[in-house]
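I have placed the structure first, in the form of structure tokens, so that the comments after it can refer back to it.
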Protein chains: 2
Amino acid sequence: MNQAGMTQEAMTQTRLDAVRLDGAGPIYDQIRRAVRDLILAGTWPPGTSVPPEHALMEQLGASRMTVHRALVQLAREGLITRRRRSGTIVASPPASHAMLDILSIPEEVERLGQRYDYEVLSREDGRPSAELALRFGLKRGEKVAHLVTLHRADGKAHVLEERVIHLATVPAAAAEDFSKTPPGDWLLGNSLWSQAEHAISAVPAEPDDAQLLDIGAGEPCLLIERRTWNQGSPVTAVRLLYPGSRHRFVGRFGPYGQV
Amino acid sequence: MNQAGMTQEAMTQTRLDAVRLDGAGPIYDQIRRAVRDLILAGTWPPGTSVPPEHALMEQLGASRMTVHRALVQLAREGLITRRRRSGTIVASPPASHAMLDILSIPEEVERLGQRYDYEVLSREDGRPSAELALRFGLKRGEKVAHLVTLHRADGKAHVLEERVIHLATVPAAAAEDFSKTPPGDWLLGNSLWSQAEHAISAVPAEPDDAQLLDIGAGEPCLLIERRTWNQGSPVTAVRLLYPGSRHRFVGRFGPYGQV
DNA sequence: TCTTGCCATTTGCATATGCAATTAGATAGC
DNA sequence: GCTATCTAATTGCATATGCAAATGGCAAGA
């Protein structure tokens, strides 16, 4: 191999060392979990190339078919994509989530064929007030960035976003002013998350919010609250307030799950 | 074999004949789809035993490992359950659906630890009025049962259900008075569905509905609309109106899908 | 320089084989 | 009858083997 080849080989070696089996359960499942964990932990970020089957096979002392089985399963779960000759790479998490696909508001608006813009209405960093802590379930001590953002579609209010970002988990957020990228999208590219919880409910618009959304006070709005964590540490919490009359969320499924 | 054995064998034969490959794509996937389709079509209802690997292997001329691969996938998808020696049986569809698990309202209420009861407020069978057809997207010609049901938790209005049932697809509904089982639960046991679509939105309560739900007119409500089909034929459509202040729907997921 | 064709790498699929684990049902023993 | 034991059916897992399909990248040729 040439020098470039050596570098390549060294990288592969590094990647291989990270794969550790825990001896619990079938070998193919140990391999699957080991690789999955490396991906979810961010050790192998999206785009990283996964070692080829032969390399894993030798490293782990398993047969190719066993390694193959593990990787095929991960591919079906959407964590990796595989192509003959090109090899296997870590996939990017899918942007959409059937029912609650509101990860990127710009995308959501543009998919409707409307022009998107947004405005950060306020921003404050520091320890949360009692009221804010209550609303987002924060502890008083933790430092957060608190942002209120209005998103527009074709110039009309689309959704009002109120968000806190945990600066201990995402320190880079302190230095970002979100003038070019709205907070939700910025977080997608600048933080990791491993779990989320969302809740959906119908609430009357508060007078202040109603004015911003250009609807009448007390009109029904769809409130989506989402909190995300990474390995147990809180990342962000957001409340998205949609004017009820202008929005529906639609999903499809079959008796055994998503179709 | 004894006579009982013969019967058993004959049944197995019947079941085997139903498995037909279409020649498209990998063999394991042809087998997987063939079996899946028999399950979804109701030919093999929940509880039916699937022929053992050896039988499928001989019937289809594939190796056992290939048959095995197909069945393992179906098991992972939740359509079948497998046990050594006992064999493979068709699974019952899971009762709950993470985000929109509102298939059974009695269960939903009892899970909250409250006493459930309900009342059918009105029922009419026949061809839909223009207004009804519009609201549920029906064709004027199709005969439907139209039901309005109020569900209560601890005696308080919980959700207002308005439903149409397509009598062409579910003829048995014509003879059922729903006095013992609410329509949604009755349908779960007396009809098949292969696809559903749901939509969620926030609407103000109409005066009539507000009175039934014991809230103020115009107060925000969460409206869940769901339509289900079986093999393309409409089965039922329902509008569930929840008082917004008393309900939240919660779900959890990870970056690559449901956790 | 550009194109064409070839080769080596990597994944995809199917088979054959063997053994392990589970357990329903039959059998033997009490 | 009841229980303990055995047998055989059935799935679960791992390996070895061989070939097919796709294709990145190199080499030869125009």
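All chains are named by letter (A, B, ...) in the order of the sequence lines, taking the proteins before the strands, and each is independently numbered beginning at 1. Owing to the predicted nature of the structure, the values given are computational and were not obtained by experimental measurement. Values reported hereafter were calculated over all heavy atoms of this structure, with side chains retained and with hydrogens, waters and symmetry mates removed.
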Whole-Å gap separating P (dT10(C)) and CE (Met57(A)): 13 Å

With a 4.0 Å cut-off, would you call Glu77(B) and Arg36(B) a salt bridge? no

Any salt bridge between Glu110(A) and Arg115(A), counting N to O under 4.0 Å? no

Hey, are Arg76(B) and Gln73(A) close enough side-chain-wise for a donor-acceptor pair under 3.5 Å? yes

Rounded interatomic separation in angstrom, taking NE2 from His54(A) and P from dG18(D): 13 Å

Which nucleotide sits closest to the side chain of Ser63(A): dT10(C), dT17(C), dA16(D)? dA16(D)

Tell me which nucleotide among dG12(D), dA14(D), dA14(C) gets nearest to the side chain of His68(B). dG12(D)

Kindly point out which of dT11(D), dT11(C), dA16(C) is positioned nearest to the side chain of Thr88(A)? dT11(C)

Leu71(A) atom CG is separated from dC13(C) atom P, nearest whole Å, by 13 Å

Looking only at the side chain of Glu53(B) (C-beta and beyond, no hydrogens), which of the listed nucleotides dT15(D), dA24(C), dT11(D) gets closest? dT11(D)

Write down the distance between CE (Met65(A)) and P (dT10(C)), rounded to a whole number of angstrom. 18 Å

Output yes when Glu58(A) and Arg64(A) qualify as a salt bridge under the 4.0 Å nitrogen-oxygen rule, no when they do not. no

Side chain of Pro26(B), heavy atoms from C-beta onward: which of dT11(C), dA14(C), dT17(C) has the nearest atom to it? dA14(C)

For dA24(C), does either OP1 or OP2 sit under 4.0 Å from a side-chain N or O belonging to Arg83(B)? yes

Nearest-angstrom distance from the residue atom CD of Glu58(A) to C1' of dT15(D): 16 Å

Would you please confirm or rule out a distance under 4.0 Å between OP1 or OP2 of dA24(C) and any side-chain N or O of Ser86(B)? yes

Taking CG from Leu21(B) and P from dA14(C), how many angstroms apart are they, rounded to a whole number? 11 Å

Report yes if a donor N or O on one partner sits less than 3.5 Å from an acceptor N or O on the other, where the partners are the side chain of Arg84(A) and the base of dT11(C); otherwise report no. yes

For a quick test of reading the model: is some side-chain N or O of Tyr28(B) closer than 4.0 Å to OP1 or OP2 of dC13(C)? yes

Nucleotide dC13(C), atom P - distance to CZ of Arg76(A) in whole Å: 11 Å

So which one's nearest nucleotide on DNA chain D is more toward 5', Arg85(A) or Asp29(A)? Asp29(A)

Mind checking Ile27(B) for me? I need base, sugar-phosphate or nothing, with any heavy atom below 4.0 Å counting as a touch. sugar-phosphate

Report which part of the nucleic acid Arg64(B) touches: base, sugar-phosphate, or nothing (heavy-atom distance under 4.0 Å, all strands). base

Could you please name the option among dT23(C), dG12(C), dT11(D) that lies closest to any side-chain atom of Val72(A)? dG12(C)

Counting heavy atoms from C-beta on, name the nucleotide in dC13(C), dG12(C), dT23(C) closest to the side chain of Arg82(A). dG12(C)

Can you tell me the distance, in whole Å, between the CG atom of Leu60(B) and the C1' atom of dT15(C)? 15 Å

In sequence, state the C-alpha distance, the side-chain angles, and the governing distance for His68(B) and Tyr28(B), and then conclude on side chain to side chain contact (heavy atoms under 4.5 Å, CB included). CA-CA 8 Å; His68(B) 182 73; Tyr28(B) 77 87; over 6 Å; no

Charged N to carboxylate O below 4.0 Å: is that the case for Glu53(A) and Arg82(A)? yes

